[in-house]
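Working notes, beginning with the structure itself.
Proteins come first, then strands; the chains are lettered A, B, ... in the order of their sequence lines, and each starts at number 1.
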Protein chains: 2
Amino acid sequence: MTTSDTATGDPRPLRADAVRNRAKIVEAAKAAFSERGLETQMEDIARRAGVGVGTLYRHFPTKDALVRALIVDKMERMAEHAKAAMKDDGDPWEAFAGVLRKGAEQTVRDRALAQVFSSQPQEAYRTALEDETELAARMAWLLRRAQDAGLARPDADPADIPIVMCGLGAVIHNERNWERYLALMLDGFRNTTVERLPE
Amino acid sequence: MTTSDTATGDPRPLRADAVRNRAKIVEAAKAAFSERGLETQMEDIARRAGVGVGTLYRHFPTKDALVRALIVDKMERMAEHAKAAMKDDGDPWEAFAGVLRKGAEQTVRDRALAQVFSSQPQEAYRTALEDETELAARMAWLLRRAQDAGLARPDADPADIPIVMCGLGAVIHNERNWERYLALMLDGFRNTTVERLPE
DNA sequence: ACTATAACGGAACCATCATTCCGGTTGTCA
DNA sequence: TGACAACCGGAATGATGGTTCCGTTATAGT
């Protein structure tokens with residue numbers, strides 16, 4: 001969450017109380033959205049932050065802008081996990097799978113994130129998000145490394161990853177079974193070129 | 001879609017025009033919901049059916065009731081596929097996977113169904129739906145048979161199936177990649193007890 | 001044909017939210 | 001310490017969409 005969410009160059013520095021309030025708002029929004037999801041109302045957030053809606057709106061021109069800011073934040077954290085995994089010299093498969101698991105864990109704790117992953121709005125976010133963070137590129141790299149090591153199925157495609165996350169988002173808010181989902185999905189990603197049966 | 005959606009015993013038979021209108025409504029609702037999803041407005045449906053909203057509401061007391069009726073319908077169709085698959089003596093794995101694929105195909109063509117599968121409301125529907133149709137029981141049977149034949153992973157659980165469908169619902173309305181999703185997921189379901197690597 | 005009644009249509013109603021407005025505060029700078 | 005812009009709060013506004021109401025119309029039975 002960098003300073004210029006509003007994307008103003010920064011003609012004048014923010015006034016002290018404004019800074020304070022902005023922090024409270026972001027804090028409250030994070031909590032509210034992750035607990036109650038995207039349907040959280042602006043007024044709830046304002047109340048929770050101890051400010052008026054007006055104030056909320058001065059800091060974020062629109063609900064969508066607020067959501068977006070928070071989501072980008074989360075995505076950046078994931079992107080960092082991915083970066084770390086790239087430096088990890090251990091099992092390439094585990095490096096790849098580990099990032100997905102981390103992402104999943106983060107998603108369970110944040111209903112809004114889950115919703116964004118799984119529903120329409122995503123469309124809107126995707127380009128913006130994946131362009132900003134290098135998440136997609138890094139995941140692709142991790143996947144390829146696992147493939148080169150013969151651990152991931154050769155025909156797996158970086159484009160499959162958003163699919164997995166999308167499904168994950170849906171699964172999460174209905175069941176506690178996301179671990180199950182991930183397990184199945186990851187097995188699907190593994191290298192299974194070893195023939196098993198006459199078919 | 002049986003006669004008594006409104007669940008009245010049936011004190012008096014429905015009047016001729018009422019029957020006609022009900023049919024038009026169901027028809028319109030099916031089309032509208034599958035094209036535009038759950039956010040379709042009641043008035044759209046009414047217009048499409050060539051009746052007034054009032055009429056719509058006399059037949060279905062609530063939007064939710066209407067949706068539910070249509071969804072149950074779809075579920076019943078799936079349950080029939082499952083039943084057919086049970087009688088099929090071919091490859092047990094294909095029988096199981098085939099039903100999932102059929103379900104997926106049906107879901108791609110119906111946005112509302114996809115939404116129900118993937119979002120919160122499902123909670124509300126699930127019990128009602130799966131109790132009415134025997135879908136769940138049948139899928140469980142198909143899965144077990146595939147397991148007994150050594151074709152599905154031994155630790156797969158009937159409870160995993162709703163998870164798959166849930167993820168599917170989410171994936172579908174964002175990508176054309178549902179086939180990819182299913183492929184990965186199904187591979188996850190396969191028997192992979194053959195060790196591949198020293199681990 | 002005629003009436004009692006079931007069914008219609010669609011305007012009006014109401015609840016829910018995001019967003020806007022503006023009179024009142026507060027921080028900052030001289 | 002005073003003045004002025006930057007900020008604040010929260011009531012009011014507007015849009016959306018499900019649901020209800022009621023005067024009108026079609027159907028079934030005589």
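Rounded to an integer number of Å, the gap from CG of A:L66 to P of C:dC17 is 17 Å. Here the P atom of nucleotide D:dC21 and the CG atom of B:L56 are 17 Å apart, to the nearest Å. Spacing between atom CZ of A:R47 and atom C1' of D:dC8 amounts to 17 Å, rounded to whole angstrom units. Atom CG of B:L38 and atom C1' of D:dG17 are 14 Å apart (whole Å). Separating the CG atom of A:D44 from the P atom of C:dT16 is a distance of 13 Å, rounded to the nearest angstrom.
To the nearest 0.5 angstrom, B:F33 atom CZ is 5.5 Å from B:T40 atom OG1.
In terms of phosphate contacts, B:H59 brings a side-chain nitrogen or oxygen within less than 4.0 Å of OP1 or OP2 of C:dC8. The phosphate of D:dC7 (OP1 or OP2) has no side-chain N or O of A:N21 nearer than 4.0 angstrom. Between A:T55 and D:dC7 there is no side-chain polar atom (N or O) within less than 4.0 angstrom of OP1 or OP2.
The side chain of B:A18 lies closest to C:dC8, out of D:dG9, C:dC8, D:dG17. Side chain of A:Q41, nearest nucleotide from D:dC8, D:dG18, C:dC17: C:dC17.
Among all heavy-atom pairs drawn from B:R22 and B:H59, the shortest one is NH1-ND1, 3.2 Å. Minimum heavy-atom separation, B:R190 to B:E94: NH2-OE2, 4.3 Å. The shortest non-hydrogen separation linking A:R48 to A:R36 is NH1-NH2, 3.9 Å. B:L142 and B:A82 make their closest contact through CD1-O, 4.0 Å (heavy atoms, listed as atom of the first residue, atom of the second, distance).
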Check your understanding: Which letters describe nucleotides 19-30 of chain C, given B = protein heavy atom under 4.0 Å from base, S = only from sugar-phosphate, - = neither?
Key -> BB-----BSS--
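In summary, the aromatic rings of A:Y181 and A:W178 are positioned with their centroids too far apart to meet the 6.0 Å limit.
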